[in-house]
Amino acid sequence: MQTLSLYNSLTNKKEIFKPLKEGYVGMYVCGPTVYSNVHLGNVRSFMSFDMIYRYLLHLGYKVRYVRNITDAGHLTDDDAEDKISTKARLEKLEPMEIVQKYTVDFHQILQKFNLLSPSIEPTATGHIMEQIKAIETIIENGLGYEVNGSVYFDVIKYNRTENYGILSKRKIEDAIENTRVLDRQSDKKNPQDFALWKKAEPEHIQRWDSPWGVGFPGWHLECTVMSTKYLGEEFDIHGGGMDLKFPHHECEIAQAQACNHVNPVKYWMHGNMLTLNGKKMSKSTGNNILPGELITGENDNLSKAFAPSAVRFFMMQAHYRSVLDFSNTAVLAAEKGYGRLMEAINMIDKLKTSSISTFDVKLWKQKCYNAMNDDFNTPILIAHLFEVVKLINLMNDDKAFLTIADLEDLKTTIFAFVYDVLGLESQANLNDNLDKLGGVVEVLITLRNQARENKDWKLSDQIRDELLAIGIQLKDGKEGTTFLID
RNA sequence: GGCGUCGUGGCCGAGUGGCUAGGCUGGGCUCUGCAAAAGCUCCUACAGCGGUUCGAAUCCGCUCGACGCCUCCA
C-alpha cells in the first residue's frame, strides 16, 4: 500500500496516515443543514471529501464514510427560532416537508457532480434519544448543567482539566476577554458555554420530550452522537469546512471528551472556502451561485452554462486546503483544459503500440501517486495527467511510442485517476443516437475528402464550416480526419 | 480588538533552500490547399523592506494588503 500523508488540523502539520485498525478507515464529514438549496461553496466542500473518500477506496481501504443531514435546525441566537422552523413558517410548510425538499435537492445536486453516496447518512432528528443520553452522561460527569429547561456545557470547568481550544488553537482566556457584552438575560453561567439542549418556546415547531421538558437538541451534539454511534468513540478522519473548525468542531471534541473521556478524532481535515468575487460564498449574505444556475447559466456572474464535470475539474485544479476564487474566466479556462484532457483519453484505444517505449510509464505512474499521497494534491496530479495528454497526441502523430504492456498500464492508471479518484465523468457516454450521428459525420468526411481530392475547395470547406457551425469540429491529421462533437 | 490563513508571470493555480509546475490566453514556427487540431517555441513570476545563508519566491522579522473564524454557515 502507498504511504499516504495528510494535513492534520489538530497538529497543524502533515502526518503519515495510519488508521486505527489496519485496512479500515472511519470517516465522518459534517453534512448540510437542509433548510435551503446548497450553493456551490457547499458543493466544493463535499466534493473535496468525496475525492478523499475515493482515493482511500482506490488505495484499497475499507472505508465507512458517514455524512450527516442536519434536519433539526441550529439556533441563530438565544431568542430566535431555529432556522428550519423559521423557514417552515415562511413557506407554510411542515418542518419535515422543508427537510425533505432540500434533502432531495441536495442529493440530486451531488449526483450531478458525480459524488459517491456515503456509507451512512444519519439524520439529527433520527437520533434524539441518543442525544438525550449523551446529555445525561455529560451532566453525570459534571460538565453539563440545567437551567430553566435548557442544558448547557460548562466550558470553563471543562477547560480546567481538558483543553478547550485544542483544535482551533484559541485560548479561552482570550475568548472571555473579547466576548461582547450580552445584556440579554442569558441562562448560561458563562458566554462561552454552549447549549446541549434548548427549551422550546410555545411557537417553536420542532420539539421533543426530554428529562428537562419539551425542547430540542443543541447544535453540536448530533455530530458527536452520530459519529460515536457509527464509527466508535475513536475514529480516523473527521472532515468539514474550515468555517466549522470553531466553534462546531471544538465543541464536538469537548462533548466527546465529556462523554467518553477520549479524544475522538485522530485526523481532523478542513476544506477551504470557495469565494466569489473574492468573498466567501454564503447563504446568509447572498453572495453565492447555486449549482442549478451554473448548469443553466442563469446567473449574472456567468457568461454561459457549464457542465458539472467541467466545474468538478475546475475545483480539482485547486488544492482542497486553498481558497479557490470562482470566476467565469477561470472556469472557462478549466473547461477548455478539461476538454483537451478528455479528448486525449478518448483517443487511447485507437493508439498503435510499438516494440519500444519512449516514455517511462512506471515513473509517471509513481509521480501521480506521489502527488495524491502528499495530502491529496490534485493540482499536481492533473499536471501529470497533462504530460500524458501530450504523449497521447504525440503517439497519435507517430512521434512517440509505447509497448503494449506500457500502453495498457498507462490506460489503467489514467482511467483510475480520472474516473475513480477525481470522479470526472466520461464524455464518451455514446448512446445509440450519438453512434448514428457519428456515422453521418463519417459519411460527410468521406464526401469532403473526395471533394478535396478533386480540389473542390469550395465544397470541402462548406462541409467543414457548416459542421463547425453546428458544433462538430473536423480535425485533419496524418492518419485521416477525425471529429469532435461539442 | 483576538486567533488564523494567505499575497506567485495577462488570468487561474502548484511548489521546493540552488535545477521546468500545469492549465488558459497572446506572439512566432512546423504540418496543412486554406483553416482548425496537434507538436515545437517565446513572453519566465514569486507584495514591500530588512535579516540568516555560498545561495531564498522557498527560513526569520517587520510593513502593507486580502481573506477566514471569533455569531447560523462547507
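What you see is a predicted model; the values in this text were computed from it and never measured. Order of the sequence lines fixes the chain letters, A, B, ..., with proteins taken first and strands second; residue numbering starts at 1 for each chain.
Checked against salt bridge (charged side-chain N to carboxylate O under 4.0 Å, His left out), Arg44(A) has no partners two or more places apart in sequence or in another chain. Residues forming a side chain to side chain donor-acceptor pair (under 3.5 Å) with Asp325(A) (at least two apart in sequence, or on another chain): Thr275(A).
Each of Glu387(A) and Pro32(A) lies near RNA chain B, and the nucleotide nearest Glu387(A) is the one positioned closer to the 5' end. Of the residues near RNA chain B, Gly241(A) and Pro247(A), the one whose nearest nucleotide (by heavy atom distance) lies more toward the 5' end is Pro247(A).
Counting non-hydrogen atoms under 4.0 angstrom, Gly271(A) reaches nothing in the nucleic acid. Among the protein residues, Gly477(A) comes within range of no part of the nucleic acid, since none of its heavy atoms lies under 4.0 Å from any strand. Within the nucleic acid shown, Gly31(A) comes within 4.0 Å of sugar-phosphate atoms alone, with no base atom in reach, counting heavy atoms only.
The base of C69(B) sits within donor-acceptor range of the side chain of Arg170(A), with an N or O pair under 3.5 Å.
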Please produce a list of atom pairs where a protein N or O lies less than 3.5 Å from an N or O of nucleotides 33-35 of chain B.
from, atom 1, to, atom 2, distance (Å)
G33(B), O6, Arg452(A), NE, 3.3
G33(B), N1, Asp461(A), OD1, 2.9
G33(B), N2, Asp461(A), OD2, 2.9
C34(B), O2, Arg464(A), NH2, 3.1
C34(B), N3, Arg464(A), NH2, 2.2
C34(B), N4, Arg464(A), NH2, 3.3
A35(B), N6, Asp476(A), OD2, 2.6
A35(B), N1, Asp476(A), OD2, 3.3
A35(B), N3, Arg464(A), NE, 3.3
A35(B), N3, Arg464(A), NH2, 3.4

Is there any protein nitrogen or oxygen under 3.5 Å from a nitrogen or oxygen in nucleotides 39-42 of chain B, and what are the pairs?
from, atom 1, to, atom 2, distance (Å)
G39(B), OP1, Asn393(A), ND2, 3.4
C40(B), OP1, Lys390(A), NZ, 2.9

Strictly under 4.0 angstrom, non-hydrogen atoms only: write out the protein contact profile of nucleotides 4-19 of chain B, one letter per nucleotide from the 5' end, B, S or -.
--------SSSS----
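Between Trp268(A) and His270(A), the two ring planes are parallel [angle under 30°; tilted spans 30° to 60°]. Aromatic ring pairs are classed by plane angle as parallel below 30°, tilted from 30° to 60° and perpendicular above 60°; the pair Tyr53(A) and Tyr65(A) is tilted.
Rounded to a whole angstrom, the distance from the P atom of U63(B) to that of U20(B) is 36 Å.
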Base-pairing string, 5' to 3', of RNA chain B - Watson-Crick or wobble, under 3.5 Å, | interstrand
(((((((..(((.....[...))).(((((.......)))))....(((((..]....))))))))))))....
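Between Lys199(A) and Asp187(A) no salt bridge is recorded (no basic side-chain N to carboxylate O distance below 4.0 Å).
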